[in-house]
Amino acid sequence: MAEYSKEEIKKIEQKWQEKWEKEGAYKVSDTSDKPKYYVLDMFPYPSGAGLHVGHPLGYIASDIVSRYKRSKGFNVLHPMGFDAFGLPAEQYAIQTGQHPAVTTAKNIETYKRQLRQIGFSYDWSREVQTCEPAYYKWTQWIFMQLFNAWYNKKAIVNGQLIIDGKTENISTLIAELEKNGNASINAVCDDETPSITAEEWKNFNEREKEEFLQHYRIAYQSETMVNWCAALGTVLSNDEVKDGVSERGGYPVERIKMLQWSMRITAYADRLLKGLDTIDWPEPVKEMQRNWIGKSLGCQFKFEISNLKSQIEVFTTRIDTVFGVTFLVLAPEHELVKQITTEAQQTAVENYVEVAKNRSERERMSEVKRVSGAFTGAYAVNPFNGEQIPIWISDYVLAGYGTGAVMAVPGHDERDHRFAKHFNLPIRQVVEGPSVEEEAFVSWDAKIVNSDFMNGLTVDEAIAAGIKKVEALKIGKGKVNFRLRDAIFGRQRYWGEPFPVYYKDGLPKLVEEKDLPITLPEIDEYKPTESGEPPLARAKDWNYKGFTHELTTMPGWAGSSWYWFRYMDPKNDSAFAAKEKTSYWKDVDLYMGGSEHATGHLLYSRFWCKALKDLGYVEAEEPFKKLINQGHIQGISKFVYRVNFALMDNPSKENPITPELYVSRGIAQRIHNKTITLTEATEIYNKYIEELNKLNPSRKLSVIFNDIEDLNAIENHVDIQYVDGETLDIEGFKNWREYYKDAQFILEDGKYICGSEVEKMSKSKYNVVNPDDIVSNYGADTLRLYEMFLGPLELSKPWNMQGIDGVYKFLRRFWNLFHDKNGNFTISEEAATREELKVLHKTIKKVAHDIENFSFNTSVSEFMICSNELSSIKCNKRSILEPLCIVLAPYAPHITAELWEKMGHADSILDATFPIHNEEYLTESSHEYPISINGKVRGKMNFALDMPKEDIEKIVLASETVQKWSEGKTPKKIIVVQGKIVNVVL
RNA sequence: GCCUUGGUGGUGGAAUUGGUAGACACGCAGGACUUAAAAUCCUGUGGCUAGUAAUAGUCGUGCGGGUUCAAGUCCCGCCCGAGGUACCA
């Protein structure tokens, strides 16, 4: 007496989940006669909000593929684990004092409970967590290998030169330095690496040797730009910076240089580029990586500075336009700026640099229409024609790119043109084409003019000639430039892998391998120290044999750049994975995840994989053979608007507490588009000052407020649980966080109205929807089908629950095929009719095709059509329903397992062989042709599929439809596409 | 800004890749069952015009052009949304 009711679903799903777990039904063996198939989901970060409905989208799809491949006879590895280090847990720790390990463990438990109840076929015995010492021991070990490695572009293996070069142990570099110095070494190294002889190398002391080797190591230290927030005493991600101030607290942020660990990913740039042609990834992701790597052929050369001994080095891809250069532009951070600025220009330049350095790189790149800059007063000499050209600085030139200086050719570059127009600098045409007075003319396919020896040459010829000239003048050379920069590997944070590094006399040294892992020490608070040192500086008595440890930790991507290898051998204590395991599983056959990882995780993972391969630890050159992008399930984010003013005194000395004052959406909009009245702005200012003084009673504080321009409203995410429609639940909001407790609000019509936006669903945006309710109301099988039914896997779409009833009804109808009106299980042993077989085989064909093509939404529709058809012909025959169960099982494992058992099977449906469709049942003998006149369908006619075109033409031309529309005229043309359509042209 | 991607009924989406636009669902409307409601089942459902009606005509895949016997699909130019933009993962 079983109906597919809420209670029954719960019973069935629990029963099978427990049974499968008890039997170890998903345990995978590392040895098998079957072909291997490795299906991997992207590593989830276990956030405090738990799993949201966006996560399972990809997991369900990959689970369907895993189950399908298993029923097709593959040995399928399908693991799951957690990328457990990360910023959110740390921020939570700072706020609440709870140890991130504790909250992370709790979050992981929640995730696992949620994942289990959706019925995924994960082999949980292989679970890994990046924050476990047994795991990060090997992350540290890999770091050590990369520290002890360099990139030899002239590597020789078995007497053969390796064209792309190879990662080698640093010992081969040292051996060569001892023999010949670095004269004949061809390696990827820092630009400023000096040339030395063997003699000089031998005479280096320990410090000099290490400093020299740092130019070559794959993991090395260098100075890089970061967002420094003095008030918070830490470095911030671009994400945490809004409008030049910290998202939290609204404190000023400036760009400063800091010594940090980096990874020489640029050594692999060419291989990362070439490897893309060998892997089956979505073309857009490959394209994004190509653009990110950004290989360009150009020319790097020097301009002399008039009246000074220095030179400015520029990189350009358009040396052919060098006669059109009318000024140079340096990044405001460029090291020469101070030196070349004339006295008269000093104030202007200093002011400009001060403003520019507080703008994020992203802002500087995006606001191209806002032209700004300053003249240094200095002039450079164009080496091609001896002309004196002014040197400017502007923030559209970025310090980290190329040389941090560009030769400006306003005639043929849009940004240069805008700059020249704005500052009234000359514009010159050197490429033949339309006038460049009003608009830059950018072309790679034209002739060069007004350019001395280049006149009449094509762009390509002129580039070659230009490089030749530069090299002849000995001022530079042709150069391949990559946009890709070395990856910063250090973080000023607590919750990450500690480095296996200590300092002796200020020199970084690796710990001994036997001392791994270097575990994360306990500290009292998770904040940076008062003096701005990273949190690890708080650790008491934490040292390595009396020496100080490295105090920064590794970034989020460290643990996720090799985890797929660990799943192959997750418990190994003597290697990150045993050689025989990595050579059996090799690489990931199917990787499912979002395209947001295109230029981060996916690039870093490829990099580490190549390095590990070169060093002889793994066989795979590429980690992920096939990649499928799942779209994001988007959430509706809500926003509140925090009032912000710049403080008059320097907040870095001692942080004042700034008011939590929020204005409703309409007011924020008026602030933003500057339509707010001065009266209203003044009221807000008064309120702000009042609060500011209340919060800092012992100090006299004031803020800058001259007009409405000085008033800012910063958009902050608010958790959607505190928003009803668009109105904020003020009490809920105040209780959300400690520092919102006394938040003040300026309302509209008595309400606080929130802003709203569709964004990716993410804990950090506080817009997540949890799948638990759906599972408890409808069951896991319905959730699985519904998420697939939502639309194509790779498209992003906002979450909505409309329509879930449809798939639930389908499952009930499917269940009813096996049961009579009273809920008794009844199936017939009668032979199937041809009609029934056609329905079955059409479904088998469509579903198998859909899974192979990752088109899961269309299979769900097909299942519905099939079940509707079988219902309407009242088919309950075993010979139809049994194979159908196997076909549906990857999508809805619980219901099908139950029905499979009821049909009398003692064996598991998990290992049932996926049926193969028989084309014989599907062939049609005739086709109903749409008859169109001038492309518009006017009628339909049925013809045998093998009827010759000529016969169809005759019949159609004689038909009533054509007679009616042609009104006696003779048709000009008739097109017959066999099996498809007929079109008559009048 | 730049790179990538998407835009089809009231809603999610389908369309064998240039060949009948709107499959399958949701929602809505009407009906059956019921004292009633829920559940279930049946019927209808892109817009506009004409008709009591079956139906007929016409417009229609973000906007504007183009190629073609034929365009949601290909080409050119726009508009809008989303992801990434190097310390979120």
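All chains are named by letter (A, B, ...) in the order of the sequence lines, taking the proteins before the strands, and each is independently numbered beginning at 1.
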**Q.** Close aromatic pair by centroid cut-off 6.0 Å: A:F43 and A:W564
**A.** no

**Q.** Complement of B:A50, any strand, by Watson-Crick or G-U distances under 3.5 angstrom
**A.** B:U55

Q) Can A:E919 and A:K838 be counted as an ion pair, charged N to O under 4.0 angstrom? A) no

Q) Considering only the P atoms, how many Å lie between B:G60 and B:G51, rounded to the nearest integer? A) 24 Å

(Q) Work out how far the C1' atom of B:G13 is from that of B:C48, and round it to whole angstrom. (A) 25 Å

Q) How are the rings of A:F85 and A:W495 set to each other: parallel, tilted or perpendicular (split at 30° and 60°)? A) perpendicular

**Q.** Nucleotide nearest A:I865 (side chain, heavy atoms from C-beta), chosen from B:C24, B:G19, B:G84
**A.** B:C24

(Q) Side chain of A:F789 only, heavy atoms from C-beta on: which candidate in B:C26, B:C24, B:A86 is closest? (A) B:C24

Q. Looking only at side-chain N and O atoms, does A:R813 come under 4.0 Å of OP1 or OP2 in B:C41?
A. yes

Listing, residues 46-60 of chain A side-chain donor-acceptor contacts under 3.5 Å, not counting sequence neighbours, or none:
from, atom 1, to, atom 2, distance (Å)
A:S47, OG, A:A49, N, 3.4
A:H52, ND1, A:G54, N, 2.9
A:H52, NE2, A:M761, O, 3.2
A:H55, ND1, A:H52, N, 3.1

Q: For A:G806 and for A:L795, locate the closest nucleotide of RNA chain B by heavy-atom distance; then report the residue assigned to the nucleotide nearer the 5' terminus.
A: A:L795

Q: Rounded to whole angstrom, note down the C1' distance from B:U8 over to B:C63.
A: 15 Å

Q) Can you tell me if A:S296 and A:T317 form a side-chain donor-acceptor pair at under 3.5 Å? A) no

Q) If the P atom of B:C74 is compared with that of B:A23, how far apart are they to the nearest Å? A) 23 Å

Q: Return the nearest nucleotide to the side chain of A:N291; candidates are B:C3, B:A86, B:C88.
A: B:C3

(Q) Less than 4.0 angstrom from a charged side-chain N to a carboxylate O is my criterion; do A:K809 and A:D805 meet it? (A) no

Q. Does any residue of residues 855-864 of chain A have a heavy atom under 4.0 Å from RNA chain B, and if so, which ones, in number order?
A. A:N857, A:T858, A:S861, A:M864

Q. When the P atoms of B:A53 and B:C69 are considered, how many whole Å apart are they?
A. 41 Å

Q | Polar contact flag, side-chain donor to acceptor under 3.5 angstrom, A:E550-A:T552 | A | yes

Q. Is NZ or CZ of A:R255 both nearer than 6.0 Å to the six-membered ring centre of A:W228 and within 45° of the ring axis?
A. no

Q) Do NZ/NE/NH1/NH2 and the carboxylate oxygens of A:E240 and A:R493 come within less than 4.0 Å? A) yes

Q: For A:K421, look at atom NZ and say whether over 12 heavy atoms of other residues, nucleotides or ligands are found less than 6.0 Å away.
A: yes

Q.
Between B:G12 and B:G62, how far apart are the two P atoms, rounded to whole Å?
A. 13 Å

Q | Check: B:U20 base within 3.5 Å donor-acceptor of A:K940 side chain | A | yes

Q: Would you mind classifying the nucleic acid contact of A:Q260 as base, sugar-phosphate or nothing, using non-hydrogen atoms under 4.0 angstrom?
A: base

Q) Pick one for B:U17: is it syn, with its angle within 90° of 0, or anti? A) syn

Q.
For nucleotides 64-82 of chain B, give me one character per nucleotide, 5' to 3': B if any protein heavy atom sits under 4.0 Å from the base, S if the only such contacts are to the sugar-phosphate, - if neither.
A. -----BS-----------S

**Q.** Candidate nucleotides B:G19, B:U20, B:G13, ranked by approach to the side chain of A:P930 - the nearest
**A.** B:U20

Q: Using Watson-Crick or G-U wobble geometry with both distances below 3.5 Å, tell me the partner of B:C78, or none.
A: B:G62

Q: Please measure how far the C1' atom in B:A82 lies from the corresponding atom in B:G77, and state the result in whole Å.
A: 22 Å

Q) What is the base-pairing partner of B:U17, counting Watson-Crick and G-U wobble geometry with both distances under 3.5 Å? A) none

Q) B:U20, B:U85, B:A39: which one has an atom nearest the side-chain heavy atoms of A:V937? A) B:U20

(Q) Which label fits A:Y891 and A:F863: parallel for a plane angle under 30°, tilted from 30 to 60°, or perpendicular past 60°? (A) perpendicular

**Q.** Among B:C59, B:A86, B:G83, the nucleotide that comes nearest once only the side chain of A:M288 is considered
**A.** B:G83

(Q) Give me syn or anti for B:G9, where syn covers glycosidic angles within 90 degrees of 0. (A) syn

Q. With rounding to whole Å, what would you report as the distance between B:U73 and B:U16 at their P atoms?
A. 13 Å

**Q.** Base partner of B:G30, which must satisfy Watson-Crick or wobble distances under 3.5 Å
**A.** B:C42

**Q.** Selected nucleotide, minimal atom distance to A:P792 side chain, candidates B:C26, B:G13, B:G84
**A.** B:G13

